[in-house]
Amino acid sequence: MSLTPANRRSFHELGYLILDAAVPPDTLDAVLHQVEPLYPGHSFGKGFAQPTRTTNAWKSCPAVHELAVWPTILDALHYIYGRHPRPFQTLNFPVSTEQSVHADTVHFNTLPGGWMCGVWVALEDIHADSGPLVYYPGSNQLPESILEPLNDDHPEGLKGSLKYHWHRSMVRLGRRPDHQDYHKYEVDAARRLDEFGFKPQFGLLKRGQALIWAANLMHGGSARKNPELTRHSQVTHYFFEGVQSFIPVFSRGKRLYWTAPEYIPLARHLAA
Ligand SMILES: O=C(O)CCC(=O)C(=O)O
């Protein structure tokens, strides 16, 4: 699929773009097959599958690596950003994470700003009841959130339950619950979406389609209406050449928490 200037403008305005990534079915099957053993003790058909993700499977699964550096995707990113993309993390999900709505700018950010994106690839046709990706077109234009000013600006009534919610959400994220303010961010994100009247859209993608999201686009995993359904997908996160990266949730004021990501090699096939 060749993109047009209109696609590029639309991406920067709305914060997302759906692309036919033209990945052959054999490659998508190979991803599914190779990540399966990385979900130990899974129970896709019975309630909540744990874990809901495996991180950086590209290191051991050649097909995950191949999808992370798939030429159609890299070319699309180069076209819409005008710089070479540099993949730095893969996530594979067997089901919806039900992860609260957030923008990646609180997890990964760059200097100069805005040079990060995520690409979510459907490994199967996505059913409306499986908990599709949810995203809020245009929310990428909101000012970026930072965690510190959120301290104590939430209603009193929420305080008792904050710790519990924050713990749950961090466990769902596959992280240790050690960012004390994270749930306050989620509460604030939901409040801002509501206040500015952003409407959700759901990623009912066909197998092999990809949704590119801008770093500041609000998105998450919607609720699984039918827990019997799988929702296999792969997300790859990218920075772009020539930028420095940091982790906002670990940064304090002007003291940014710089990172040196382990970039995913662009050569398509890993040595055996
Ligand atoms: O696919 C999902 O369930 C959520 C993915 C997500 O929000 C993310 O990777 O940042």
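Read the numbers this way: they start at 1 and go in the same order the structure lists the ligands and their atoms. Because the structure is a prediction, the values reported are computed rather than measured.
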Original post:
Are Asp104 and ligand 1 in contact, using a heavy-atom cut-off of under 4.0 Å?
Top reply: yes
Subject >> His102 to ligand 1, any heavy atom closer than 4.0 Å >> reply: yes
Original post:
Does Arg231 come within less than 4.0 Å of ligand 1, judged by its heavy atoms?
Top reply: yes
Below 3.5 Å, can you tabulate the donor-acceptor pairs from side chains in residues 24-34 to any protein atom, sequence neighbours excluded?
{"residue": "Asp29", "atom": "OD1", "partner": "Arg207", "partner atom": "NH2", "Å": "2.4"}
{"residue": "Gln34", "atom": "OE1", "partner": "Ala63", "partner atom": "N", "Å": "2.9"}

Original post:
Do you know which of His107, Glu186, His219 makes side-chain hydrogen bond (donor to acceptor under 3.5 Å, both in side chains) with His102?
Top reply: His219
Original post:
Applying a strict 4.0 Å limit to heavy atoms, is Ser233 in contact with ligand 1?
Top reply: no
Original post:
atom 3 (O) of ligand 1: which protein heavy atom is closest, and how many Å away?
Top reply: Thr97 OG1, 2.6 Å
Original post:
Counting heavy atoms only, which of Tyr135, Phe108, Phe93 comes nearest to atom 9 (O) of ligand 1?
Top reply: Phe93
Original post:
Do Glu124 and Thr230 have side-chain N/O donor and acceptor atoms under 3.5 Å apart?
Top reply: yes
**OP:** Enumerate the atoms of ligand 1 whose separation from the nearest heavy atom of Gly220 is less than 4.0 angstrom.
**Re:** 4 (C), 7 (O)
Original post:
Does anything in residues 125-141 pair up under side-chain hydrogen bond (donor to acceptor under 3.5 Å, both in side chains), and if so which pairs, sequence neighbours excluded?
Top reply: Tyr135-Gln201
Original post:
Has Arg8 got its NZ or CZ under 6.0 Å from the middle of the six-membered ring of Tyr79, at an angle within 45 degrees of the ring axis?
Top reply: yes
Original post:
Counting both backbone and side chain atoms, is some N or O of His219 under 3.5 Å from an N or O of ligand 1?
Top reply: yes
Subject >> Charged tip of Arg86 within 45° of Tyr263 ring normal and under 6.0 Å >> reply: yes
